[in-house]
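Input: a single structure, listed below in structure tokens.
Every chain is numbered from 1, with letters handed out A, B, ... down the list of sequences.
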Protein chains: 2
Amino acid sequence: MNETGARLPKYHRIADALREQIRTGRLAPGDRLPAETAIAATHHTSVPTVRQAMSVLRAEGLIESRHGIGTFVRATHRLQRRSRNRYGEARGRDGLLTNTLRHEIASVGIEPAPEQIADCLNVEAGTEVVARHRRLYDEEDRLTEIGASYLPKDIAAGTYLEEPTVVPKALFRCVEDLTGRRYTDARDQVTARRATDAEADRFGLPLGAYVLHLIHTATDENGDVLEVSESIWPADNVIFVDHYPIPAGPTGETGSEI
Amino acid sequence: MNETGARLPKYHRIADALREQIRTGRLAPGDRLPAETAIAATHHTSVPTVRQAMSVLRAEGLIESRHGIGTFVRATHRLQRRSRNRYGEARGRDGLLTNTLRHEIASVGIEPAPEQIADCLNVEAGTEVVARHRRLYDEEDRLTEIGASYLPKDIAAGTYLEEPTVVPKALFRCVEDLTGRRYTDARDQVTARRATDAEADRFGLPLGAYVLHLIHTATDENGDVLEVSESIWPADNVIFVDHYPIPAGPTGETGSEI
DNA sequence: CAGTGGTCTAGACCACGCG
DNA sequence: GCGTGGTCTAGACCACTGC
């Protein structure tokens, strides 16, 4: 039945055959693939060639091998979703999470700001800030987000924001109440990048997997940064959704179509 | 020299050694790595083991092999940047592109809407719409973005928006002028996902690479969708930056810290 | 042509998880 | 112990590129 016509490498044809079985549901998520030796036999080839085919599917995120157990079809679910208008239509309503997730403060303390964060805080890299690290888990208690909020020391040091407990209301409201200043402008930066080793480890991601990295900077009416926070998700599990009004401004011609 | 202490697999140590040379700049972007046989000799191992090490670095996006030529350190540049407040602070100013890119209409015509797009347009999958496909190139004429705008037939069919030429002003303004309706609300969806074969091919991406996919939906004051547009970039090359005001609303307590 | 990476083999032995 | 995948070998031959 290998009448694909084209003259593809053997490992490629094996990968195609397995991919097709996964696509059609003949091999469902969670199913174990036949052993490498078995696949080699059915395709009249050697084990290393089968392993090469599997490395293709592994790079595509379709399968996952567990040493001593077998190779399994990965569950692919982009279930989590997230709207990032965190200040709500009516400010005060928590518009951030559309799924309620278990939320846990991993650690809180004074640390030197990482370079990217320092850039957003308008301070030199290494300047000490109050950092609140958090972890979010889904309904099945899988880690789905890691993140942190970074606050200038002159805002948060010595306050209850330095305690490693979940604060009773939105963090931005805590900062506003403590300082008397108001959050007026925000900047979000979103990148997709490869997971660091530490991230891959914590999320249980395969080699080369991507994460989405959001850095949110909030400033007051003077342009002073009140807070920088970051969130990191496995890229395959998240979709950002963002609603915003389009200003009904005056005219002005532009030369660009987009 | 190989006193890492830990007892890592040989291919892993080779990958570490090469990665370190890349990190320190000893092997700069564009440089050719030694031949596989040479690396095997220096590490007293076999060629397949070296190839295994290289497949690790390839999955990490650090190197790239060209058949018959050699293996090269990949240039990693996240230069492109993009702000997506496309309607400008003062509407009419093109706030979309912070780099000016060469812009080209790939094709324009009436097509059935892809499923995701149809969802956003509030029509059934397969409904015919006017699609304007575009390609954007950077200063060095490399393809950096592919995208499309989808317009309902009752808006764009029979107008100059069906011509395969770049329109003289922002597309949204064309639609407003043609219909007399106003863009009032927008929704953006952002996901990172693996490139399809076609995308990998067009962008020249390696297997398993990711793209960022933005779907933008614009509606008028009645909630009717005027336009859906999508943009796709290689994930490694783009950073979204988005500025927006934080509404100065009333209070309201929330139980969530974030 | 020589040199490169791409494909493929037929084994060996090890490490892991389970019964 | 047994079956699984993980590591590694020492080759062979092919396909591509550039000279």
Side-chain angles (χ1 to χ4, degrees), chain A residues 2 4 6-19 22 27 30-74 197 200-201 204-208, chain B residues 2 4 6-19 22 27 30-74 200-201 204 206-208:
Chain A
N2 241 323
T4 45
R7 207 63 203 117
L8 291 169
K10 193 177 282 194
Y11 79 91
H12 199 147
R13 296 201 308 270
I14 298 171
D16 284 348
L18 291 170
R19 198 187 293 105
I22 291 168
L27 283 169
D31 281 3
R32 208 191 77 178
L33 273 63
E36 294 170 345
T37 48
I39 296 178
T42 54
H43 285 84
H44 308 99
T45 186
S46 67
V47 168
T49 301
V50 172
R51 289 184 60 76
Q52 196 177 358
M54 288 189 159
S55 81
V56 172
L57 300 178
R58 209 174 295 116
E60 291 173 356
L62 286 175
I63 63 172
E64 174 177 36
S65 297
R66 274 173 263 166
H67 194 173
I69 312 266
T71 300
F72 300 82
V73 180
R74 285 223 313 174
D197 288 350
D201 203 49
L205 297 173
L207 188 70
Chain B
N2 242 323
T4 45
R7 205 63 201 117
L8 291 170
K10 194 178 281 194
Y11 78 92
H12 198 147
R13 296 201 306 271
I14 298 170
D16 284 348
L18 290 170
R19 198 186 292 106
I22 292 170
L27 283 168
D31 282 2
R32 208 191 77 177
L33 273 63
E36 295 170 344
T37 48
I39 296 178
T42 53
H43 286 84
H44 308 100
T45 185
S46 66
V47 168
T49 301
V50 171
R51 288 183 61 77
Q52 195 177 359
M54 288 190 159
S55 80
V56 171
L57 300 178
R58 209 174 295 117
E60 291 173 357
L62 286 174
I63 63 172
E64 173 178 36
S65 297
R66 273 173 264 168
H67 194 172
I69 314 264
T71 300
F72 299 82
V73 180
R74 286 224 309 176
D201 202 48
L207 188 69

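Remark: R32(B) pairs with F72(B) by the side-chain contact (heavy atoms from CB on, under 4.5 Å) rule, at least two apart or across chains. In this structure, the side-chain contact (heavy atoms from CB on, under 4.5 Å) partners of S46(A), at least two apart in sequence or on a different chain, are P48(A), T49(A). Contacts of T45(A) classified as side-chain hydrogen bond (donor to acceptor under 3.5 Å, both in side chains), with partners at least two apart in sequence or in another chain: none. Every residue two or more places apart in sequence or in another chain that forms a side-chain contact (heavy atoms from CB on, under 4.5 Å) with E64(B) is listed here: R74(B).
Side-chain contact check for V56(A) versus H12(A): every heavy-atom pair is 4.5 Å or farther apart. L62(B) is not listed as a side-chain neighbour of V73(B), based on a closest heavy-atom distance of 4.5 Å or more.
The only option from T42(A), I39(A), T37(A) that meets the side-chain contact (heavy atoms from CB on, under 4.5 Å) definition with V50(A) turns out to be I39(A).
Residue T71(A) places at least one side-chain N or O under 4.0 Å from the OP1 or OP2 atom of dG5(D).
R13(B) has no carboxylate O lying under 4.0 Å from a charged side-chain N of D16(B), or vice versa, which leaves the two without a salt bridge.
At a non-hydrogen distance threshold of 4.0 Å, T45(A), S46(A), P48(A), T49(A), Q52(A) from residues 45-54 of chain A come into contact with DNA chain C.
A residue-by-residue look at K10(A) and L33(B) shows that L33(B) has its nearest nucleotide of DNA chain C further toward the 5' end.
Taking atom CZ on F72(A) and atom C1' on dG5(D), their separation rounds to 11 Å, with Å as the unit. The NE2-P distance, from H67(B) to dC14(D), rounds to 13 Å in whole Å.
Extent of DNA chain C lying under 4.0 Å from chain A heavy atoms, first and last nucleotide in 5' to 3' order, is dT7(C) to dG17(C).
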